[in-house]
Q: 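Dumping the structure here so I can ask a few things about it.
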Amino acid sequence: MSNIAILEIDGKKYEFPIVKGTENEIAIDIKTLRSVTGGITTLDPGYKNTSSCESEVTFLDGEKGILRYRGYSIEELADKSDFLEVAYLLIFGELPSKEQNEKFHRDIQKTALVDEDVKKILDGFPKTAHPMGVLSALTSALTAFNPKSVNVSSEEDMYKAIVKILGKFPVLAAWTYRKGEGLPLEYGDNSLGYTENFLKMMFALPNERYVSNPVIVEALDKLLILHADHEQNCSTSTVRIVGSSHAGLFASLSAGISALWGPLHGGANQAVIEMLEAIKEDGGDYQKYIEKAKDKDDPFRLMGFGHRVYKNFDPRAKIIKVAAEEVLNDLGIDDPVLDIAKGLAEVALNDEYFKSRNLYPNVDFYSGIIYRALGIPTPMFTVMFALGRLPGWIAQWREMRLRKEPIGRPRQLYVGATERLFVKEENR
Ligand code: ACO
């Protein structure tokens, strides 16, 4: 293939370099487009055809269903690694040695106490507040308690900020849940692993000895690994773009949490369970909902189906489907909602509408089922996603700052009114 792309406008030719990624992905480098053409831009709503950055963190091939963090396949990582090790890998680029891993965990633990005044902010929220809103606000509030901005030219400063948020975030996530339940706040136990400690902070009761269930710990750890990064998705792009203005790490993460909240992104796992429950309440006739999803006059979409980039299958969904069945078997749970999910997936996978549009169950179709089996309440599902995605957001933010990327600032094609004269109120 030639290494130059030629664009012809009104008989005038412009040349742009063709650049290749390490996995042979090809992009036309249009950095000079506006300057050489006198202001012409590309129009690409939703950035479906735009690579916003060069990144070394995660590779995914939507057609082949490949997902790799720093070169390691998601299947191997889910099978052989643990969440904290994957976090280190994503953020710093290499698997840690035993010493690095232990130090990383210790450093995270040292920062895991949140300023007691944060509780006052938490208390200001009604119990009914959605935990994602609370989490986003508390993460942003951490900036006020840690006002010194991160010196990104110092690896040490960067490391300190990273372990700080990895330590405090699970506390904030668990507290949002406990606040909603009216439970006293829990501080965790540094003798436990990262995921096990999070579960304790969520579920320990003051009048009972907390005993963790290894099946639950392992299943949650796997889920967190599967959610840990997904290259330039909506929330990650948000973190990068907010961080590109040199806003701090915590503020950038808080924006990422808000982006993740929406039902077309991380909020889908909650939407899936709500949809399955609604189908159950409605008598369990999932065929009716398949028809609704296909009806263009009906806004209903089959939640947990379809993906912007995976057009054959979502590799995470494959792993999670097996894990969901294992967890339900191990815990002896017989959930009618799971039967509806299975039936729905089977019908949709054989239906021409879904087949022709390459709509397959995505990671969220099954993750909600596991969260439910683990005893995690539905409004907390997206918080679990945020906890998993945290290392990915951090890794992408760090990369963006280390690469000294320019501030993110897309252009637009203006299609509004042309210049007109102001009309006084009495004449309107
Ligand atoms: N149910 C019914 N039809 C669907 C669905 C669905 N879940 N998803 C897409 N379609 C249809 C669209 O109506 C469209 O049909 P058309 O070509 O006849 O107009 C076609 O499939 C393409 O859909 P787009 O919206 O253009 O696909 P896009 O790539 O922009 O959207 C998205 C991807 C947002 C994930 C979409 O599939 C969706 O809304 N899914 C449901 C929500 C969901 O599960 N989100 C989680 C995503 S995974 C994650 O964030 C971790």
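Since the model is a prediction, treat every value here as computed from it, not as a measurement. Start at 1 and go down the list; that is how both ligands and their atoms are numbered.
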Q: Can you name the one residue among S252, S55, S52 that meets side-chain contact (heavy atoms from CB on, under 4.5 Å) with R240?
A: S55

Q: Mark up the atoms of ligand 1 that fall under 4.0 Å of a heavy atom belonging to K48, in ascending order.
A: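 Taking each heavy atom of K48 in turn, ligand 1 has 26 (O), 30 (O) under 4.0 Å.
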
Q: Would you mind checking if R372 and E277 are paired as a salt bridge, meaning a charged N to carboxylate O distance below 4.0 Å?
A: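 Salt bridge flag = yes for R372 with E277.
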
Q: Between E155 and R398, does any side-chain N to carboxylate O distance fall below 4.0 Å?
A: yes

Q: Taking the side chain as every heavy atom from C-beta outward, state whether F354 and L302 have any pair of such atoms under 4.5 Å apart.
A: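 Yes, their side chains come closer than 4.5 Å.
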
Q: How far is atom 30 (O) of ligand 1 from the closest protein heavy atom, and which atom is that?
A: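 Protein heavy atom with the smallest distance to atom 30 (O) of ligand 1: R308 NH2, 3.0 Å.
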
Q: Can you find an N/O atom of A268 closer than 3.5 Å to an N/O atom of ligand 1?
A: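 Such a contact does not occur with ligand 1.
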
Q: Quick one: does K311 get a heavy atom under 4.0 Å from ligand 1?
A: yes

Q: Is there a polar contact between ligand 1 and K296, counting only N or O atoms under 3.5 Å apart?
A: yes

Q: With the threshold set at 4.0 Å, does a side-chain nitrogen-carboxylate oxygen contact exist between K292 and D295?
A: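 Judged by the 4.0 Å cut-off on N to carboxylate O distance, K292 and D295 do not form a salt bridge.
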
Q: Using a 4.0 Å cut-off to any heavy atom of F385, which atoms of ligand 1 qualify?
A: 51 (C)

Q: Any side-chain heavy atom of K164 sitting closer than 4.5 Å to one from F250?
A: yes

Q: Centre of F313's six-membered ring, under 6.0 Å away, within 45 degrees of the axis: is that where NZ or CZ of K318 sits?
A: yes

Q: Suppose I only count heavy atoms of D364 and a 4.0 Å limit; which atoms of ligand 1 are within that range?
A: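 Contacts of ligand 1 toward D364, numbered from 1: 46 (C), 48 (S), 49 (C), 51 (C).
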
Q: Write out the residue and atom name of the closest protein heavy atom to atom 12 (C) of ligand 1, then the distance separating them to 0.1 Å.
A: R301 NH2, 3.3 Å

Q: How far is atom 1 (N) of ligand 1 from its nearest protein heavy atom, and which residue and atom name does that atom have?
A: L302 N, 3.0 Å

Q: As a test of understanding, state which of R70, R389, Q396 forms a side chain to side chain donor-acceptor pair (under 3.5 Å) with D229.
A: Q396

Q: Can you find an N or O of G304 that's nearer than 3.5 Å to an N or O of ligand 1?
A: yes

Q: Starting from atom 17 (O) of ligand 1, what is the nearest protein heavy atom, named by residue and atom, and what distance separates them?
A: R357 NE, 3.7 Å

Q: For atom 3 (N) of ligand 1, which of the options Y353, F354, Y310 provides the nearest non-hydrogen atom?
A: Y353

Q: Which of these passes side-chain contact (heavy atoms from CB on, under 4.5 Å) with F385: L390, N269, I257?
A: N269

Q: How close does the nearest protein non-hydrogen atom get to atom 5 (C) of ligand 1, and which residue and atom is it?
A: L359 CD1, 3.9 Å

Q: Distance under 4.0 Å to a non-hydrogen atom of G306: what atoms of ligand 1 satisfy this?
A: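 Close to G306: 35 (C), 37 (O).
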
Q: Quick test: of every protein heavy atom, which one is nearest to atom 40 (N) of ligand 1, and how far off is it to 0.1 Å?
A: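 Among all protein heavy atoms, the one nearest atom 40 (N) of ligand 1 is F305 O, 2.9 Å.
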
Q: Give a yes or no answer on whether the side chain of Y69 reaches the backbone of A87 with a donor-acceptor pair at less than 3.5 Å.
A: no

